[in-house]
Amino acid sequence: MKILVLNGPNLNLLGIREPGIYGNNSYSDLCALIREKAARLGVEVCLYQSNHEGDLVDRIQQALGQEDAIVINPAAYTHTSIAILDALKAVGLPAAEVHISDVTRREPFRQISYAGMACEAHYIGLGFEGYLKALEYLAGKYGA
Ligand code: DQA
């Protein structure tokens, strides 16, 4: 099984950006944790981060025929991007939404998740652990 793990804007600055909200660990620390978990689950992962909405849409489209499932933290595009929602719906792959922080307890503008509408599982406010739980869920449900 192949899982695409997508991260949106500013998540490349994990460890630097607002550590009180997102913690002290870096994006490469996150990637290492994800790779370790994937190896234990016996799944392949492709990690992709972009600060650009269209790049994320392109990568979701490329997943068609290439990956079996998607873990996505669209970051700020969560709350604005119908294009990312449409791309997830278009490819129709099982998807899980992750947010490091608990967006349900933050500003009103973070209360809508467009991408989340195309996701069957949601891991919100669990820090990096949310990505690992999302992998476990998808591997458990769709893995060989
Ligand atoms: C985030 C929450 C978003 O509201 C924010 O714009 C982010 C990160 C999270 O992981 O908690 O960039 O998706």
Side-chain angles (χ1 to χ4, degrees), residues 1-41 43-64 66-142:
M1 183 188 195
K2 289 189 188 172
I3 302 179
L4 173 63
V5 182
L6 277 179
N7 278 290
N10 302 305
L11 291 170
N12 55 315
L13 292 186
L14 284 171
I16 295 168
R17 77 179 286 211
E18 302 181 88
I21 296 176
Y22 301 109
N24 295 303
N25 295 315
S26 67
Y27 178 67
S28 58
D29 294 334
L30 172 62
C31 293
L33 277 177
I34 289 171
R35 288 188 202 289
E36 197 183 294
K37 180 72 175 183
R40 267 188 278 128
L41 291 169
V43 298
E44 262 182 63
V45 277
C46 177
L47 294 141
Y48 184 78
Q49 187 277 330
S50 176
N51 293 324
H52 306 279
E53 184 177 15
D55 285 349
L56 294 163
V57 169
D58 286 345
R59 189 59 189 86
I60 291 166
Q61 290 187 9
Q62 281 164 21
L64 206 53
Q66 195 169 302
E67 276 103 9
D68 306 298
I70 299 175
V71 172
I72 184 164
N73 180 350
Y77 291 136
T78 305
H79 319 297
T80 61
S81 180
I82 295 165
I84 290 174
L85 166 64
D86 284 350
L88 289 169
K89 283 172 134 177
V91 300
L93 292 170
E97 175 185 24
V98 175
H99 296 289
I100 295 167
S101 67
D102 186 354
V103 285
T104 66
R105 293 169 167 268
R106 296 182 64 191
E107 302 92 329
F109 60 82
R110 294 187 207 273
Q111 299 313 307
I112 187 150
S113 169
Y114 289 106
M117 294 173 194
C119 295
E120 61 178 67
H122 310 266
Y123 299 93
I124 294 170
L126 303 176
F128 287 6
E129 184 65 25
Y131 292 87
L132 310 185
K133 286 195 181 300
L135 285 177
E136 235 169 65
Y137 169 82
L138 293 168
K141 187 159 178 194
Y142 300 102

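Atoms within a ligand are numbered from 1 in the order they appear, just like the ligands themselves.
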Using a 4.0 Å heavy-atom cut-off, say whether I100 meets ligand 1 through its side chain, its backbone, both or neither.
both
Looking only at heavy atoms, is any part of Q111 under 4.0 Å from ligand 1, and if so is it the side chain, the backbone, or both, or is it neither?
neither
Protein contact of [atom] - nearest heavy atom, named by residue and atom, plus distance:
{"atom": "atom 11 (O) of ligand 1", "answer": "S101 OG, 2.6 Å"}
{"atom": "atom 7 (C) of ligand 1", "answer": "Y22 OH, 3.5 Å"}
{"atom": "atom 1 (C) of ligand 1", "answer": "H99 ND1, 3.7 Å"}
{"atom": "atom 4 (O) of ligand 1", "answer": "H79 NE2, 2.7 Å"}

Do [X] and [Y] have side chains that get closer than 4.5 Å, going by heavy atoms?
{"X": "E136", "Y": "K37", "result": "yes"}
{"X": "I84", "Y": "V57", "result": "yes"}
{"X": "Q62", "Y": "L4", "result": "no"}
{"X": "I100", "Y": "Y131", "result": "yes"}
{"X": "L14", "Y": "L11", "result": "yes"}
{"X": "E120", "Y": "K141", "result": "yes"}

Test your reading of the structure: does L11 have an N or O sitting under 3.5 Å from an N or O of ligand 1?
no
Within the structure, does N73 bring an N/O atom to less than 3.5 angstrom of an N/O atom in ligand 1?
yes
Knowing that exactly one of R59, K2, Q66 qualifies, which makes a side-chain contact (heavy atoms from CB on, under 4.5 Å) with C46?
R59
Under 4.0 Å from one or more heavy atoms of R110, ligand 1 contributes atoms 3 (C), 4 (O), 5 (C), 6 (O)
Provide the number and element of each atom of ligand 1 under 4.0 Å from a heavy atom of V103.
2 (C), 4 (O)
